Chemist: 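There's a structure below that I have some questions on.
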Amino acid sequence: MAGVSSGSAQYIYACTRLRVRKSLLIPREDYLRMLNMSLPEITRFIGETAYRSEIDELGTSFSGINLVEVALSWNLAKEYQSILELVPGDLKHFTASYLRRWDIQNVVTVLRGKMQKMQPGKIKEVLVPAGRLDRVVLDRLVAEESPERVAEALKGERFYPVIERELPGALETGSFAHLENELYKSYYARLIADAKEGVKGGDIFLKYIQLEIDIRNIQNLFRLRAGHVHEDVRELMIGGGSFTVDELQRLSGLESRDEFIDALKRQVKMVPLLNALEEIRGKTALHGIEVALTRVQLDQMERMSKRYAFSILPILVYLEKKKYEVANLRALARGKEAGLPGERLQGYLVM
């Protein structure tokens, strides 16, 4: 079987354990049931699943939507850290690199919170210490008085040069979107470099990273079209995928939606993505388009992980599916808190 040569007994054990964990994730039928539940009923349901210990532990300090939010974040961080302890050798190297995306999310969340003068407790509730920056480091960042002080505290981190360069502009405009995009471009460039540095299994890791970059760029193109952004978009695109940045710029300049989708399809070889793009042709809601593309990414990951059964891919499949489980539960809880009907909420779920 492809990929077995890269797996020792420890690799086989780790990949098998992750497949078992994946089988225990919340199934589609349970999400459909939750669409008809109230927020208290959803909270009770979550408390009977893998999130039981967090719900029980936090139930005396939080309630309602805050209880769900914090319990989900705590559980996700704990699960990811346990996976880092489980996976051996080169699998740990790639897993740790991949999880650094949470450092970006957490740092940007802290910076936004500081700019908006949010209470430290509110910022901490939504942080997920699943990357290199652990809970102790994040607590120190949250305790800083200003975005500038947060940036100073990050000196020595690999992404500090990007923050140093981009933070003044972000504070001047009041938007962290460009800073965040630059951080993710740097993150993916580093993942590609890690995949190419000669570590065993790097070629398989690279295949997935390129898939993720392609899906993210296509999603960004649809977002830009929805926002009627027609200027040069090359700075907003991530390099290293199947499309060059210049090709993505050319696609973004196509005015007709059908022409845009047809041009995308001419450059795509993956059949599931071709089918999804045709399905998207009839969609108008941006969230429906993004969910359809995310499903393609997860389905293709699943296919790749079966081909490379004892590689980094079964690990990444679980990391992503666990992330979307938490995102689904959070969307359900927030939607119920806002009084949204179940049929509308269903469109936001990745099932």
Side-chain angles (χ1 to χ4, degrees), residues 24-81 101-131 133-135 138-139 141-143 176-177 180 285-288 290-291 294 319-351:
L24 299 176
L25 292 173
I26 294 172
R28 175 186 175 85
E29 54 267 27
D30 282 348
Y31 288 126
L32 296 178
R33 286 172 53 204
M34 281 187 276
L35 289 170
N36 298 313
M37 294 182 187
S38 64
L39 179 57
E41 288 172 330
I42 289 173
T43 304
R44 284 196 296 273
F45 179 87
I46 294 173
E48 295 170 358
T49 64
Y51 303 88
R52 180 194 303 271
S53 63
E54 288 79 17
I55 292 288
D56 290 345
E57 182 177 351
L58 296 165
T60 56
S61 303
F62 299 92
S63 61
I65 187 67
N66 290 333
L67 173 58
V68 174
E69 291 271 12
V70 180
L72 292 174
S73 295
W74 278 33
N75 178 275
L76 187 62
K78 183 180 73 175
E79 184 71 359
Y80 281 179
Q81 292 302 325
R101 66 171 53 201
W102 292 98
D103 291 336
I104 296 173
Q105 178 173 313
N106 289 330
V107 166
V108 173
T109 297
V110 174
L111 289 171
R112 283 195 175 110
K114 289 298 168 183
M115 187 180 71
Q116 296 167 7
K117 309 295 184 185
M118 290 176 61
Q119 291 297 314
K122 284 295 181 184
I123 300 174
K124 288 172 67 173
E125 285 178 13
V126 294
L127 300 180
V128 181
L133 306 180
D134 61 20
R135 195 176 298 278
L138 292 173
D139 283 350
L141 295 181
V142 171
F176 285 90
E180 187 172 13
L286 181 60
H287 68 265
E290 294 187 343
V291 167
T294 298
L319 293 178
E320 286 297 286
K321 291 203 169 186
K322 176 68 176 180
K323 180 183 78 175
Y324 283 108
E325 177 178 272
V326 166
N328 285 342
L329 294 173
R330 186 170 277 131
L332 282 164
R334 288 175 178 171
K336 293 297 180 177
E337 176 78 358
L340 297 179
E343 58 270 20
R344 184 173 172 190
L345 280 174
Q346 185 172 348
Y348 290 89
L349 304 183
V350 179
M351 297 185 288

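Everything numeric here is computed off the predicted structure, so don't read it as measured data. Residue numbers count from 1 along this sequence.
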Chemist: Mind checking whether E290 and Y348 have side chains closer than 4.5 Å, heavy atoms only?
Modeler: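 Sidechains of Y348 and E290: no contact.
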Chemist: Do S73 and R330 have side chains that approach each other closer than 4.5 Å (heavy atoms only, starting at C-beta)?
Modeler: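 When only atoms from C-beta onward are counted, R330 and S73 do touch, with a gap below 4.5 Å.
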Chemist: Check whether any side-chain heavy atom of Q346 lies under 4.5 Å from a side-chain heavy atom of Y31, and answer yes or no.
Modeler: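 When only atoms from C-beta onward are counted, Y31 and Q346 do not touch, as no gap falls below 4.5 Å.
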Chemist: Starting at CG of L58, measure out to OG of S63 and round the result to the nearest 0.5 Å.
Modeler: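 It comes to 11.5 Å.
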Chemist: Output the distance between atom CE (M37) and atom CZ (F45), rounded to the nearest 0.5 Å.
Modeler: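 So the CE of M37 and the CZ of F45 are separated by 5.5 Å.
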Chemist: Report the distance from atom CG of N328 to atom CZ of R28, rounding to the nearest 0.5 Å.
Modeler: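 N328 atom CG to R28 atom CZ measures 11.0 Å (nearest 0.5 Å).
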Chemist: Checking side-chain contact (heavy atoms from CB on, under 4.5 Å) against L133, which of V107, V110, L127 comes through?
Modeler: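 Filter result, single survivor: V107.
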Chemist: Quick test of your reading of the model: are E41 and K336 salt-bridged, counting only N-O distances below 4.0 Å?
Modeler: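 No.
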Chemist: Does the side chain of E29 reach to within under 4.5 Å of the side chain of M351, using non-hydrogen atoms?
Modeler: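 No. Closest side-chain heavy atoms not under 4.5 Å.
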Chemist: To the nearest 0.5 Å, tell me how far L35 CG sits from L340 CG.
Modeler: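 It comes to 11.5 Å.
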Chemist: Could you walk me through whether L138 and K124 pass the side chain to side chain contact (heavy atoms under 4.5 Å, CB included) check?
Modeler: CA-CA 8 Å; L138 292 173; K124 288 172 67 173; over 6 Å; no
Chemist: Suppose we screen for salt bridge (Lys or Arg N to Asp or Glu O under 4.0 Å). Which residues come up paired with K114, at least two apart in sequence or across chains?
Modeler: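 Not a single residue meets the salt bridge (Lys or Arg N to Asp or Glu O under 4.0 Å) criterion with K114.
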Chemist: Can you give me the closest heavy-atom contact between W102 and G131, atom names plus distance?
Modeler: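 Answer, listing the atom of W102 first, then G131: CB-N, 4.0 Å.
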Chemist: Are there over 12 heavy-atom neighbours, none belonging to R344, within less than 6.0 Å of that residue's CZ?
Modeler: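 Not buried by this count: 12 neighbours or fewer within 6.0 Å.
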Chemist: Does any part of the side chain of V68, heavy atoms only, come nearer than 4.5 Å to the side chain of I46, both counted from C-beta?
Modeler: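 Yes - at least one pair of side-chain heavy atoms lies under 4.5 Å apart.
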Chemist: Between CG of L141 and OG1 of T109, what distance do you get to the nearest 0.5 Å?
Modeler: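 The CG atom of L141 sits 11.5 Å away from the OG1 atom of T109.
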Chemist: Just by modelled atom types, is the L72 backbone N or O under 3.5 Å from a matching donor or acceptor in the E54 side chain?
Modeler: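 Not a single qualifying donor-acceptor pair exists.
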Chemist: Are side-chain heavy atoms of F176 and M115 found at a separation under 4.5 Å?
Modeler: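 Yes, at least one pair of side-chain atoms sits under 4.5 Å.
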Chemist: List the atom of I55, the atom of A71, and the distance in Å for their closest heavy-atom pair.
Modeler: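 Shortest heavy-atom separation between I55 and A71 comes out as CD1-CB, 3.7 Å.
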Chemist: Supply the atom-to-atom distance L349 CG to L32 CG, rounded to the nearest 0.5 angstrom.
Modeler: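 Between atom CG of L349 and atom CG of L32 there are 8.5 Å.
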Chemist: Using modelled atom types and a 3.5 Å cut-off, is there a donor and acceptor pairing between side-chain atoms of D134 and backbone atoms of P129?
Modeler: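 No; zero donor-acceptor contacts below 3.5 Å.
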Chemist: Passes salt bridge (Lys or Arg N to Asp or Glu O under 4.0 Å), R52 versus E57? Steps please.
Modeler: CA-CA 8 Å; R52 180 194 303 271; E57 182 177 351; over 6 Å; no
Chemist: Going by side chain to side chain donor-acceptor pair (under 3.5 Å), name the residues that satisfy it together with K122, two or more places apart in sequence or in a different chain.
Modeler: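 Here no residue qualifies.
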Chemist: Just by modelled atom types, is the I26 backbone N or O under 3.5 Å from a matching donor or acceptor in the D30 side chain?
Modeler: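 Checked: no pair found.
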Chemist: So do the side chains of W74 and Y51 get within less than 4.5 Å of each other, counting heavy atoms only?
Modeler: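 No, side chains not in contact.
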Chemist: I need the minimum non-hydrogen distance between A331 and L345, along with the two atoms involved.
Modeler: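 Scanning both residues, the minimum pair turns out to be O-CD2, 3.6 Å.
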Chemist: I'd like to know whether R334 forms a salt bridge (Lys or Arg N to Asp or Glu O under 4.0 Å) with E337, so could you lay out the CA-CA distance, the side-chain angles of the two residues, the decisive distance to 0.1 Å, and finally the verdict.
Modeler: CA-CA 5 Å; R334 288 175 178 171; E337 176 78 358; over 6 Å; no
Chemist: Can you list the steps and then say if Y80 with K323 is a side chain to side chain contact (heavy atoms under 4.5 Å, CB included)?
Modeler: CA-CA 10 Å; Y80 281 179; K323 180 183 78 175; 3.4 Å; yes
Chemist: Salt-bridged, K322 to E79, with N to O below 4.0 Å?
Modeler: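 No salt bridge links K322 with E79.
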